[in-house]
Amino acid sequence: MADKITPQDEDYSRWYLDVIRDAELAESSPVRGSMIIRPYGYALWEAIQSGLDRRFKETGHVNAYFPLFIPMSFLEKEAEHVEGFAPELAVVTIGGGNTLEEPLVVRPTSETIIGHAYAKWIQSYRDLPLLINQWANVVRWEMRTRPFLRTTEFLWQEGHTAHATESDAVEETLRMLDVYCDFAENDAAIPVIKGLKSDREKFAGAVNSYTIEGMMGNGWALQMGTSHYLGTKFAEAFNINFLDQNNVNQFCHTTSWGISTRMVGAIIMAHGDDQGLRLPPVLAPIQVVIVPIWRKEGEKAPVMTMVERVRSALVDSGIRAKVDLREDQTPGFKFNDWEMRGVPVRVEIGPSDVQQESVVFARRDQLGKEGKTFGIPVAGVAEEAHALLNAIQSSLREQALRGREEKTHRVSSYEEFQTVLQEQGGFLHAHWAGTTEDEERIHDETKATLRCLPMGTEEGEGKCFLTGKATNKTAIFARAY
RNA sequence: CGGGGCGUAGCGCAGCUCGGUAGCGCGCCUGCUUUGGGAGCAGGAUGUCGGAGGUUCAAAUCCUCUCGCCCCGACCA
């Protein structure tokens, strides 16, 4: 709080870490790569959870909980899956002082243990579809970690569904991708690109992986959520089968999809500025903060009376409002403090406002005088606050969208690709007909990865920027977290 | 695991070259004055100098070993 946050263009990575520390979102722990999520950061995660959970339930899913420990042999049942996750597993070999007969894996994801349960639960086509989500923590022993973006242990939700047919399962995969997109754009106010992952980037064990990719303030990409169509691979590995209407035994088609605490990092980086966080009103733990102002003791009582009137009007109308009662800090300090913490709207109430039965609104997305509106009548304060919160929600999304468009470039040759990437960064959109090896080479030479083959932007035929082959497919490349 | 850097008060750092009473800023505590954009003054508390061993009358400082963290690279939600 004391020292200023490192400006973004001086050192983006330091800025990110400064914001997390100063806004009290999280801090490091004694265990490498694991973080302590502090109350304010956890409140943001809870808001994310509630936005997602509501949507999951609206689309017919229910929550359940599966164990943290998974027998090692379960992972080994699906060859690609174990190969993909083996390097990052944490394994328990001792329990109660004795060496275990079979090592237990701390779940890196739960396809296997859930597959095991589904095999028992599903007998008939009448049991399908099975639509379950779980909120859980998982562990992946990553080599390099960053708070929220990549931690050894992280919190997430993982949906696991089983269906009778491929088309049902693919439909579910895409439906959940749409749910993620809706959440990202409307709740987190981050515009995302929906797309298909390349073979090199897809989930270990999936037939197809879909992603929502967002652009962060420095032009880097962040995979904010994934939805996987698993085909019958896990069904075959775990014997998840059912008798269809014709009494024929069939394997289920399964899906899985997840969003993690990485979303908190996305919100920090997609919206934050040199002043600190800028939280989208829908997710902000505190939507409106009220700062009482007075000079003389005699002014305090009338100010506080009005503060309480405004607070209860806001809370009664469903706004998450808080009064800053600290008497050991000056108003100026509080203004900066709440701006750093990203609270969308600040209400200032002082003696002159009491005189006029009005208050001052200050919006976080427009700093200084321009963002202030004087003389908001107390009588209509809740309606005005709702309107302003809505305006800020759209404004943040618009700003993020504009930023992404400015930093998205069409390229048609590898030379242009390299020049633009180096000089401007951002998303590079181009016709693409390369192989996994080509992708590998681009990564080695430029550090950019193929983020996705975007959906819903069908374009005419063109030439692959790398190979020159004719194709109607395009891809987005970027540096990514 | 390879390359680079760093461990000194809650946080950020100086001191180490050339050994001699452990310092600065912020924060924290107390009091008074302040409070509409990061308040001022006065007083005060806080350290096994990452750890172990060695050299020395004397080690934050020199030597050896060790542990940990950060950055860059290979892996990834």
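Convention: sequence-line order gives letters A, B, ...; per-chain numbering from 1. Computed over heavy atoms, backbone and side chain alike; hydrogens, waters and symmetry mates excluded. Since the model is a prediction, treat every value here as computed from it, not as a measurement.
As judged by a 4.0 angstrom heavy-atom cut-off over every strand, A:L149 is placed among the base-contacting residues. Among the protein residues, A:S260 comes within range of the nucleic acid bases, having at least one heavy atom under 4.0 Å from a base atom. Residue A:R346 is in base contact, counting any heavy-atom pair closer than 4.0 Å across all strands shown. Here A:E142 lies in heavy-atom contact (under 4.0 Å) with a base. Contacts of A:T449 with the nucleic acid, taken as non-hydrogen atoms under 4.0 Å apart, are absent. Among the heavy atoms of the strands lying under 4.0 Å from A:E339 is at least one base atom, whether or not backbone atoms are also near.
How far CG of A:L230 is from NE2 of A:H81: 9.0 Å, rounded to the nearest 0.5 Å. With rounding to the nearest 0.5 angstrom, the CD atom of A:Q134 is 9.5 Å from the CD1 atom of A:I113. Rounding to the nearest 0.5 angstrom, the gap separating the OG1 atom in A:T436 from the CZ atom in A:R441 is 14.0 Å. Taking CE of A:M224 as the reference point, atom CE of A:M263 lies at 4.0 Å (rounded to 0.5 Å).
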Show me the protein contacts with nucleotides 31-36 of chain B, counting only N or O atoms at under 3.5 Å.
unit_1, atom_1, unit_2, atom_2, d
B:rU35, OP1, A:R295, NH1, 3.3
B:rU35, O2', A:W294, O, 3.4
B:rG36, O6, A:G350, N, 3.4
B:rG36, O6, A:G350, O, 3.3
B:rG36, O6, A:P351, N, 2.9
B:rG36, O6, A:S352, N, 3.0
B:rG36, O6, A:S352, OG, 3.0
B:rG36, O6, A:D353, OD2, 3.2
B:rG36, N1, A:D353, OD2, 2.5
B:rG36, N2, A:E348, OE1, 3.4
B:rG36, N2, A:D353, OD2, 3.4

Taking only nitrogen or oxygen atoms into account, show me every contact under 3.5 Å that the protein makes with nucleotides 68-73 of chain B, one pair per line with its distance.
unit_1, atom_1, unit_2, atom_2, d
B:rC72, OP1, A:R144, NH2, 3.4
B:rC72, OP2, A:R144, NE, 3.3
B:rC72, OP2, A:R144, NH1, 3.4
B:rC72, OP2, A:R144, NH2, 2.1
B:rG73, OP1, A:K447, NZ, 3.0

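Protein atom CD1 of A:I5 is 15 Å distant from nucleotide atom C1' of B:rC11, rounded to whole Å. Taking atom CE of residue A:M216 and atom C1' of nucleotide B:rA77, one finds them 13 Å apart after rounding to whole Å. Atom CD1 of A:I212 and atom C1' of B:rA77 are 11 Å apart (whole Å). To the nearest angstrom, P of B:rA77 lies 13 Å from NZ of A:K202. Taking atom CG of residue A:D328 and atom C1' of nucleotide B:rU30, one finds them 14 Å apart after rounding to whole Å. Nucleotide B:rG37 holds its C1' atom 13 Å from the CD atom of A:E370, rounded to whole Å. Rounded to whole angstrom, the span from the CG atom of A:N336 across to the P atom of B:rA39 amounts to 8 Å. Computed from coordinates, the A:D444 CG to B:rC75 C1' distance equals 13 Å when rounded to whole Å.
Taking atom C1' in both B:rG50 and B:rC57, the straight-line distance is 27 Å, to the nearest Å.
Inspection of the A:Y481 and A:N218 side chains reveals an N or O donor paired with an N or O acceptor under 3.5 Å.
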Test ring pair (Phe, Tyr, Trp, His ring centres under 6.0 Å) applied to A:W432 and A:F477, step by step: CA-CA 10 Å; A:W432 172 250; A:F477 285 81; 5.1 Å; yes
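For A:D273 and A:R364, the salt-bridge test passes: some basic side-chain N is under 4.0 Å from an acidic carboxylate O. For A:K372 and A:E348, the salt-bridge test passes: some basic side-chain N is under 4.0 Å from an acidic carboxylate O.
The neighbour count for A:E83 CD, taken as heavy atoms of other residues, nucleotides or ligands under 6.0 Å away, does not exceed 12.
Partner assigned to B:rG36 is none, using Watson-Crick or G-U wobble distances below 3.5 angstrom. Across every strand in view, B:rU61 sits unpaired, with no contact that passes the Watson-Crick or G-U test at under 3.5 angstrom. In this structure B:rG73 sits in a base pair with B:rC1, meeting the Watson-Crick or G-U test at under 3.5 Å. The base-pairing partner of B:rG68, taking Watson-Crick or G-U wobble contacts with both distances under 3.5 Å, is B:rC6. Nucleotide B:rG25 is matched to B:rC11 when pairs are restricted to Watson-Crick or G-U wobble geometry with both distances under 3.5 angstrom.
Figure legend: A:R146 and A:Y16 shown without cation-pi pairing, the cationic atom not lying both under 6.0 angstrom from the six-membered ring centre and within 45 degrees of its axis.
Taking all atoms of both residues into account, the shortest heavy-atom contact from A:S110 to A:E158 is OG-OE2, 2.7 Å.
Judged by distance alone with a 3.5 Å cut-off, no donor-acceptor contact links the side chain of A:R21 to the base of B:rG12.
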